Amino acid sequence: MAQTKYITVAELIESFDERMLKQLSSYSGSPGTMNDSNAIAANAIEKASAEIQSYALRGNRYTSANLDTLKTDDDWTLKGLCCTLTVKHLFRGKATS
């Protein structure tokens, strides 16, 4: 089963500057395009969503259904956390010289 994604690329753009996200979501040195077909952004969203799910389920206080309800209810507490963690994963993917 594929990892549930708690945000879309469009929601990520609502939370952070699109120019920065374009830089972070490309490894070619040129800005990438920010849409759902950007594999780098999609991977970072998936990692962030998995991280949230792992921590939420670990203490047996929340279930996957609880998280799905928050997603369905358009809860920006969950989405905001996922956006922040996604940017963390985008930054971690960038190499330095």
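Note that the coordinates shown come from a computational prediction; the quantities given were computed from them, not determined experimentally.
Taking CD from Q3 and OG from S49, the interatomic distance works out to 6.0 Å, rounded to the nearest 0.5 Å. For the atom pair CG (L12) and SG (C82), the distance works out to 8.5 Å, reported to the nearest 0.5 Å. The CG atom of L90 sits 14.5 Å away from the NZ atom of K22 when rounded to the nearest 0.5 Å. Note that the OG1 atom of T63 and the CD atom of Q53 stand 9.5 Å from one another [nearest 0.5 Å]. In this structure, the separation between CG on L24 and CD1 on I40 is 10.0 Å, given to the nearest 0.5 Å.
Side-chain contact check for H89 versus R92: some heavy-atom pair is nearer than 4.5 Å. Within the 4.5 Å cutoff, the side chain of P31 has no heavy atoms near those of the R19 side chain. When side chains are defined from C-beta on, S64 does not count as touching T4, because their heavy atoms never get closer than 4.5 Å.
Between the side chain of N38 and the main chain of S25, a donor-acceptor pair closer than 3.5 Å is present. Counting only distance, with no hydrogens or angles, the side chain of T33 and the backbone of N35 share no donor-acceptor pair below 3.5 Å. In this structure, E11 contributes its side chain and T8 its backbone to a donor-acceptor pair below 3.5 Å.
Residue pairs meeting the salt bridge (Lys or Arg N to Asp or Glu O under 4.0 Å) criterion with at least one partner in residues 49-75, sequence neighbours excluded, are E51-K88, D74-K79. Annotation: salt bridge (Lys or Arg N to Asp or Glu O under 4.0 Å) contacts involving residues 33-42, sequence neighbours excluded, are absent.
When all heavy atoms of S26 and S30 are compared, the pair lying nearest together is OG-O, 2.6 Å. Nearest heavy-atom pair across W76 and C83 is CZ3-SG, 4.2 Å.
Atom OH of Y62 sits in a sparse spot, with 12 or fewer heavy atoms from other residues, nucleotides or ligands closer than 6.0 Å.
As a member of the Ile/Leu/Val/Met/Phe/Trp/Tyr network built from side-chain separations under 4.5 Å, L85 groups with Y6, I52, L67, L70, L78, L81.
Remark: of the listed residues T86, L21, I45, I45 is the sole one forming a side-chain contact (heavy atoms from CB on, under 4.5 Å) with V9.
Hydrophobic clustering, with ILVMFWY side chains joined whenever heavy atoms are under 4.5 angstrom apart, keeps V87 apart from Y55.
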